[in-house]
Amino acid sequence: MSKLYEMIYFYFEILLILHWNPVAEVSSSNIKQIHMLFRHGERSPSQLYKNDPHNASLWQDGLGYLTRTGKLQMYNLGQRIRKKYANTIPNFYFPDDVKVLSSYSDRCLMSAQLFTSGLFVPQKEQIWNEELLWQPISMNYMPRSQDNMIASKQECPTYDILYEELFKSHKYKKILQENSELFQYLTEYTGENIDTIRKVEEIYNTLQIEELHNLTLPEWTHEVYPDLLKPLAAYSLASFTETDFMKKIKGGPFVKKVLKNMEDILDNKNSPRFFFYSGHDLTLVNILRTLGFTNEMKPNFAAYLIFELHNTSPATVKIFYSNCGWCEEEELIVQKCMEPCTLDNLKKNLDHLLPLDWSQECNNKIALNSDDLL
Amino acid sequence: MYEIFFMVCALLCNFFCYCQDDLLSVIVVFRHGARTPIDPYPNDPYRNSSYWPVGFGQLTDAGKKEQYELGQWFRKRYGSFISANYSENDIYVKSTDVDRTLMSAEANLAGFFPPQNEFVENLAWQPIPVHSTKETEDELLAMKKSCPKYDKLSKELGKEPFFKNLSHTYHDLYAYLTRFSGTTVSDPDTVEYIYNTLTIERSFNFTLPPWTVNVFPKKMEYLSSLSFAMDTYTTDLARLKTGPFFNLITEHFKNVSGDFLGHHNHSKEDVWNRKFLIFSGHDTTIANILNSMGLFDLHSPPFASTILFELRRKFDNSTYLNLFYKNSSNPIQLCLKGCQLDCDLGRFIEILEPITVDPKRWKEECTLSWLDFLPFGYEGNIVAVTMLLSFTLISLCLLCALNCLKGEKSGKALYEQLSSEEA
């Protein structure tokens with residue numbers, strides 16, 4: 001009887017494993033290069049709204065910092081990727097083969113450390129301290145003012161003008177009109193002057209995090225959160241890459257770099273094999289939209305995007321996205337680049353969105369008419 | 001009666017003597033932990049990377065351990081000053097943008113801040129941000145941002161009699177090393193580069209090639225050590241090399257002490273105002289900082305060697321600095337020339353003034369003026385230019401005078417002509 005019980009249990013366990021392992025292990029390793037971009041783990045709110053009943057002292061690590069859960073999310077994501085690429089990414093960490101690039105912000109730097117700690121748990125000779133199964137991993141970041149790839153905060157005058165124009169467009173005015181009651185409602189209850197979608201997004205973020213931490217949201221939120229706020233928050237993220245030109249400025253540099261690194265390694269130029277980028281929800285949205293995935297979305301904590309370069313002939317690229325560190329991965333098919341999507345074909349499809357000379361394009365004078373651009 | 005009075009006195013004295021002055025802020029600068037050679041010399045029998053556990057110039061396991069232990073030592077020394085709970089409001093960590101220094105900083109922090117509350121069971125580690133700036137943009141710590149004026153001064157240093165003589169004195173050693181190493185050796189820097197590689201190979205218990213017996217380590221030691229002093233050999237060199245660093249730390253101390261009225265206080269949020277600053281650099285960083293302050297005994301700063309700046313406040317409210325250099329288990333206290341061991345902060349800043357320069361001024365001072373392009377040395381150039389200017393001026397005057405004379409004549413002639421025409 002007990003044996004039968006064990007068998008059933010075993011069977012269920014297998015089922016569970018099959019079912020609950022949303023990331024398939026990549027078996028054969030003909031992967032030549034991997035680029036992975038992730039959003040940092042769960043953080044405390046960056047800012048609280050004026051009438052927020054929960055005050056800042058609740059967040060021990062300070063505002064905008066990773067929470068304990070957030071740390072675990074990133075560490076676990078590292079372990080998930082270790083499992084997924086067990087046959088591709090060596091167990092040993094070799095600094096020359098692994099490049100980690102982060103946004104300037106502390107939560108991204110820390111997320112990158114956590115992710116790599118989960119990915120490269122020291123093995124055998126790399127155990128330098130029996131008591132501590134951790135090893136330091138080298139990483140870099142660009143200062144905020146010089147980052148046009150991850151934080152995307154480098155100054156771009158032409159872009160700024162276009163972004164301003166966006167808010168004068170019919171589309172945007174219509175959104176404001178349609179939501180004018182909501183804006184009023186939010187202004188009344190939050191104590192902040194809510195008059196842009198960006199501000200709606202900030203309120204949404206704060207409420208979402210508070211909810212995740214089992215804090216009771218005030219009565220007034222039930223009317224609007226999350227259903228009414230979420231689409232506006234998502235649109236706020238999408239608004240940065242409304243037009244092709246905006247995609248070129250905000251998402252182009254990253255995509256261009258990925259394609260360039262892929263070409264380099266195929267040309268046997270000295271190039272690392274594994275690239276990890278630690279960024280924000282906006283980074284993911286900018287790049288997804290540049291790739292042509294324009295469904296408005298709000299990437300969750302530890303959401304990630306992977307580019308695999310396969311050593312086929314000719315070389316092909318596979319793209320995967322997961323909306324959180326523990327969600328199911330889905331393969332993304334770039335338009336007009338049906339499988340197998342070759343690197344050359346991908347490049348051709350995206351070429352018009354890759355900046356030739358970013359700084360120059362940022363200083364080009366453009367004749368403006370907001371509605372023509374949309 | 002007397003006895004009681006005496007006892008009270010003794011107690012009071014004890015109290016004051018044992019009550020250490022308040023620590024206000026700490027700045028530490030360390031060299032990374034043990035690494036493999038950066039680039040073995042051409043004839044090195046261990047040139048093949050397969051001899052080494054990690055890539056060239058990378059931190060070894062021993063190096064990680066060294067830094068981890070240094071972090072534990074910080075925890076012990078500063079346990080009552082820096083909470084065991086890591087807070088980003090307490091510390092700021094800056095590294096040069098090189099794998100081994102970035103990793104050293106992280107390993108150090110793992111020892112300094114083991115988590116109080118592990119987020120992964122049985123993993124005594126937590127993430128702490130380490131900041132860095134591209135080497136070519138980093139005048140503060142890597143000290144590698146381009147400075148044409150520095151390069152020029154540095155080149156001129158080689159022409160000083162002392163360094164010219166050096167080439168004579170060590171001609172044989174240079175020739176010997178050139179012959180066996182396979183690279184041209186003609187200055188202390190290159191000797192250091194080979195010395196450094198040999199030292200690491202020895203520490204790995206590798207058998208060194210027979211030719212090294214004659215020169216390593218003894219005969220190469222002096223030049224290797226000297227190479228570390230050359231970057232900051234004169235005040236001018238020191239100022240351009242380490243000026244931004246000293247500017248940062250003196251500004252930091254001014255801000256933290258709050259003693260400097262009228263001093264423009266940076267916002268509380270300024271990361272440089274946190275009470276514990278950690279810098280992760282190289283042997284050159286250590287040597288440059290010490291030598292600029294006149295505190296460098298010629299030597300090669302070992303792995304994980306550390307400079308400690310500690311700002312304290314006395315019970316009479318005055319602030320002073322203690323300086324330590326730790327290149328073995330115990331730190332040695334250093335005494336800045338012209339100052340006490342407990343160096344009054346005001347005096348400290350005053351003494352360092354000649355080698356302190358803010359980044360904006362630094363940039364200006366790094367620019368070569370056209371005066372720098374003449375070949376007579378700085379003063380010589382001024383004399384030459386002054387002479388040239390005076391000569392030009394005098395010539396101009398003469399020319400003018402001549403012209404005027406001529407003009408007068410021709411003017412008259414013209415006038416005569418005109419008048420005759422009119423007539």
Side-chain angles (χ1 to χ4, degrees), chain A residues 40-41 60-76 78-79 92-100 102 104-118 121-122 124-143 146 278, chain B residues 32-34 49 53-69 72 85-89 92-93 95 97-111 114-115 117-135 137-138 271 280:
Chain A
H40 56 77
Q60 289 169 358
D61 294 321
L63 291 181
Y65 268 79
L66 284 188
T67 61
R68 199 180 145 81
T69 316
K71 290 176 187 169
L72 195 57
Q73 285 169 351
M74 293 316 297
Y75 187 83
N76 287 343
Q79 302 232 299
F92 279 23
Y93 163 63
F94 299 113
D96 294 336
D97 231 11
V98 178
K99 184 89 186 147
V100 185
S102 171
Y104 69 95
S105 81
D106 278 359
R107 60 177 175 274
C108 291
L109 284 163
M110 288 160 91
S111 292
Q113 285 185 10
L114 286 152
F115 170 82
T116 49
S117 304
V121 176
K124 297 178 192 152
E125 294 93 69
Q126 284 204 328
I127 298 176
W128 57 279
N129 180 347
E130 293 284 347
E131 322 254 280
L132 181 65
L133 288 183
W134 167 83
Q135 60 181 324
I137 309 279
S138 167
M139 56 190 63
N140 309 80
Y141 73 94
M142 289 165 281
Q146 291 169 30
S278 182
Chain B
H32 55 77
S49 63
V54 291
F56 288 123
Q58 297 290 355
L59 195 64
T60 63
D61 283 2
K64 291 169 197 168
K65 195 135 201 172
E66 236 167 346
Q67 281 296 341
Y68 183 72
E69 282 163 3
Q72 289 180 319
N85 275 318
Y86 161 74
S87 158
E88 80 280 358
N89 297 317
Y92 189 73
V93 190
S95 167
D97 190 8
V98 181
D99 287 345
R100 60 181 174 279
T101 48
L102 289 160
M103 288 161 73
S104 287
E106 286 185 27
N108 186 297
L109 292 165
N117 185 0
E118 291 166 2
F119 66 93
V120 176
E121 233 178 289
N122 293 325
L123 180 71
W125 171 80
Q126 62 179 327
I128 294 173
V130 174
H131 298 267
S132 63
T133 308
K134 229 186 345 187
E135 278 192 298
E137 302 276 318
D138 185 1
V271 295
S280 178

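Below, chain A is the first sequence line, B the second, and so on; all start at residue 1.
In this structure, the separation between CZ on B:F119 and OG1 on A:T67 is 11.0 Å, given to the nearest 0.5 Å.
The contact between A:E125 and chain B is made entirely by backbone atoms, counting heavy-atom distances below 4.5 Å. Only the side chain of B:E137 comes within contact range of chain A, with at least one heavy atom under 4.5 Å from a heavy atom of that chain. With a threshold of 4.5 angstrom between heavy atoms, A:S117 approaches chain B through side-chain atoms but not through N, CA, C or O. Only the backbone of A:I127 comes within less than 4.5 Å of a heavy atom in chain B; its side chain stays farther off. Residue A:Y75 touches chain B through its side chain alone, counting heavy-atom pairs closer than 4.5 Å. Heavy-atom distances place no part of B:E66 under 4.5 Å from chain A, backbone and side chain included. In this structure, chain A has no heavy atom under 4.5 Å from any part of B:N85. For A:L132, the part lying under 4.5 angstrom from a heavy atom of chain B is the side chain only.
Residue-level contacts of residues 123-133 of chain B with chain A, in order of numbering, are B:L123, B:A124, B:W125, B:Q126, B:P127, B:I128, B:P129, B:V130, B:H131, B:S132; threshold 4.5 Å between heavy atoms.
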- Report the C-alpha distance between A:L133 and B:N122 in whole Å, list the side-chain angles of each, state the deciding distance to 0.1 Å, and finish with yes or no for side chain to side chain contact (heavy atoms under 4.5 Å, CB included). CA-CA 9 Å; A:L133 288 183; B:N122 293 325; over 6 Å; no
- Query: What do the steps show when you test B:M103 against A:Y93 for side chain to side chain contact (heavy atoms under 4.5 Å, CB included), and what is the final call?
  - Reply: CA-CA 12 Å; B:M103 288 161 73; A:Y93 163 63; 3.8 Å; yes
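For the set A:Q126, A:M142, A:R107, A:M110, the entry with the most heavy-atom pairs within less than 4.5 Å of chain B is A:M110. Most heavy-atom pairs under 4.5 Å with chain B, from the set A:P143, A:S105, A:S138: that is A:S138. In terms of heavy-atom pairs under 4.5 Å with chain A, the best-connected choice from B:R100, B:E88, B:K134 is B:E88. Considering only heavy-atom pairs separated by less than 4.5 Å from chain A, the leading option among B:V98, B:D97, B:L59 is B:D97.
What you find for A:L72 and B:V120 is that their closest heavy atoms are CD1-CG2, 3.6 Å. Across B:E106 and A:I137, no two heavy atoms sit closer than the pair OE2-O, 2.8 Å.
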